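Remember, predicted model here, so these are calculated numbers, not experimental data.
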Amino acid sequence: MPIRFILVATRHPGNIGAAARALKTMGFEELWLVAPESFPNAEATALASGADDLLMRARVVPTLTQAVADCGLVLGTSARLRSQYYWPVLTPRAAAARLIAAAGERPAALVFGTERTGLSNAELDLCHALVSIPANPDYPSLNLAQAVQILAYELRCAADAPAPQARRQAPPAPVAELERLRAHAGEVLTEIDFTDRRGGPHLLRRLARIFGRAGLDQEEVNILRGILTAVQARRRRAGGER
Ligand code: SAH
């Protein structure tokens with residue numbers, strides 16, 4: 001799975017090792033390190049446990065710009081919601097779906113900030129959107145490697161899920177068509193004596209709301225109208241016209 005996990009300016013080598021382990025357990029292997037404080041490092045190797053092969057293959061570069069240069073999608077992670085600074089903020093699940101979809105075209109990257117202060121604004125400028133793990137608003141900052149684990153897990157789930165069905169392309173039916181459907185349904189309900197206990201337009205309004213929620217396209221409206229017409233024809237044949 002060509003998803004690139006980028007750790008920026010990590011201070012504790014143990015976090016790099018634990019992040020490598022988190023990645024390997026979820027089946028990812030691309031670890032990039034931007035200006036790590038100390039690497040390679042025995043503590044990193046110790047915490048990587050059996051994932052030291054990922055550490056050996058980790059790419060070390062001096063700037064985030066270099067790490068994301070060839071990427072088609074770059075998502076930054078942040079404990080603080082910075083939507084006020086115009087970055088859209090995604091949940092880990094939504095982010096995973098977007099990364100998996102994008103990774104088919106070009107490398108897609110998830111960027112993790114330095115332990116104490118997270119990603120700088122200049123680093124965030126290289127990101128297309130932010131990901132925030134829902135957390136206690138009074139204490140939202142996870143350990144770096146644990147944040148990596150949660151995102152890697154969501155990516156794993158998204159990668160394992162069956163590919164979404166191609167979305168039906170038909171545009172929604174115009175409102176006038178929905179109005180005709182509602183009127184037609186009203187006629188038939190009266191004909192078959194299916195009336196609202198409370199009287200009045202209540203039932204029809206509920207039905208119209210269901211139709212609206214379903215986002216019917218023209219063909220689907222035609223099917224429902226066809227069924228209503230068939231009900232009417234059957235009643236006429238049975239001499240039920242009133
Ligand atoms: N105050 C910093 C916390 C840094 S914690 C901040 O606001 O981001 C170090 C890194 O762990 C973060 O840069 C981010 O990559 C990750 N992280 C920690 N908690 C997170 C959370 N709740 N959501 C997303 N990423 C988180």
Side-chain angles (χ1 to χ4, degrees), residues 1-80 82 90 92 95-96 99-100 102-103 106-135 139-159:
M1 183 62 54
I3 307 275
R4 187 175 299 177
F5 287 75
I6 305 174
L7 309 188
V8 179
T10 310
R11 298 174 67 96
H12 301 294
N15 278 338
I16 298 177
R21 181 177 187 175
L23 293 194
K24 189 165 179 177
T25 54
M26 296 297 115
F28 299 97
E29 37 192 44
E30 243 195 277
L31 179 61
W32 288 54
L33 306 172
V34 174
E37 193 159 295
S38 168
F39 186 82
N41 178 290
E43 203 184 334
T45 309
L47 275 157
S49 200
D52 44 345
D53 55 324
L54 261 73
L55 289 185
M56 245 123 70
R57 279 182 281 127
R59 292 277 299 268
V60 182
V61 290
T63 66
L64 181 58
T65 311
Q66 277 164 275
V68 299
D70 60 335
C71 290
L73 178 67
V74 180
L75 301 183
T77 53
S78 174
R80 274 175 293 144
R82 298 189 230 204
L90 305 171
L99 286 162
I100 297 286
R106 290 174 195 286
L110 250 181
V111 187
F112 296 83
T114 188
E115 284 90 340
R116 229 173 306 142
T117 50
L119 293 167
S120 70
N121 282 339
E123 287 156 356
L124 287 168
D125 282 338
L126 294 165
C127 300
H128 296 106
L130 294 189
V131 191
S132 195
I133 299 166
Y139 191 68
S141 200
L142 279 73
N143 164 267
L144 173 60
Q146 291 175 350
V148 170
Q149 181 77 72
I150 286 175
L151 268 308
Y153 166 73
E154 286 293 349
L155 276 157
R156 174 85 204 186
C157 293

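For R4, the side-chain hydrogen bond (donor to acceptor under 3.5 Å, both in side chains) test picks out E30, D70, with sequence neighbours left out. Remark: I133 engages P92, L142, A147, I150, L151 in a side-chain contact (heavy atoms from CB on, under 4.5 Å) (not counting sequence neighbours). Partners of S141 according to the side-chain hydrogen bond (donor to acceptor under 3.5 Å, both in side chains) rule, which considers only residues two or more places apart in sequence or in another chain, do not exist here. Take V61 and apply the side-chain contact (heavy atoms from CB on, under 4.5 Å) test, not counting sequence neighbours, and it matches W32, V34, Q66, A67. A129 pairs by the side-chain contact (heavy atoms from CB on, under 4.5 Å) definition with L75, P88, L90, not counting sequence neighbours. Taking the ring pair (Phe, Tyr, Trp, His ring centres under 6.0 Å) definition, one finds that F112 meets it with nothing, sequence neighbours left out.
One finds the CD1 atom of I3 at 9.5 Å from the SG atom of C71 (value rounded to the nearest 0.5 Å). Here CZ of F5 is found 9.5 Å from CG of L31. Values are rounded to the nearest 0.5 Å. Atom CG of N121 is separated from atom CG of L126 by 11.5 Å, given to the nearest 0.5 angstrom. To the nearest 0.5 angstrom, L7 atom CG is 11.0 Å from L64 atom CG.
For F39, the CZ atom counts as densely surrounded, since its 6.0 Å shell holds more than 12 non-hydrogen atoms of other residues, nucleotides or ligands.
Across all non-hydrogen atoms, the minimal contact from V148 to L23 is CG1-CD2, 3.6 Å. The two residues L119 and G76 come nearest to each other via the heavy atoms CD1-CA, 3.9 Å.
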| query | What do the steps show when you test I6 against L110 for side chain to side chain contact (heavy atoms under 4.5 Å, CB included), and what is the final call? | reply | CA-CA 6 Å; I6 305 174; L110 250 181; over 6 Å; no
| field | Verdict with reasoning, E37 to T114, per side chain to side chain contact (heavy atoms under 4.5 Å, CB included) | value | CA-CA 10 Å; E37 193 159 295; T114 188; over 6 Å; no
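Applying the side-chain hydrogen bond (donor to acceptor under 3.5 Å, both in side chains) test to residues at least two apart or on different chains, the pairs with a partner in residues 123-133 are S120-E123. For residues 146-158, the salt bridge (Lys or Arg N to Asp or Glu O under 4.0 Å) pairs, not counting sequence neighbours, are R93-E154, R156-D160.
Judged purely by atom type and a 3.5 angstrom limit, T77 has no side-chain atom pairing as donor or acceptor with the backbone of V131.
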Side-chain polar contacts of residues 8-22 - donor-acceptor pairs under 3.5 angstrom, sequence neighbours left out - could you list them?
unit_1 : atom_1 : unit_2 : atom_2 : d
N15    : OD1    : N143   : ND2    : 3.1
N15    : ND2    : E115   : OE2    : 2.9

For residues 43-56, please give each side-chain donor-acceptor pair under 3.5 Å, one per line with the distance, not counting sequence neighbours.
unit_1 : atom_1 : unit_2 : atom_2 : d
T45    : OG1    : N41    : O      : 3.2
D53    : OD1    : K24    : NZ     : 3.0
D53    : OD2    : K24    : NZ     : 3.3
D53    : OD2    : R57    : NH2    : 3.2

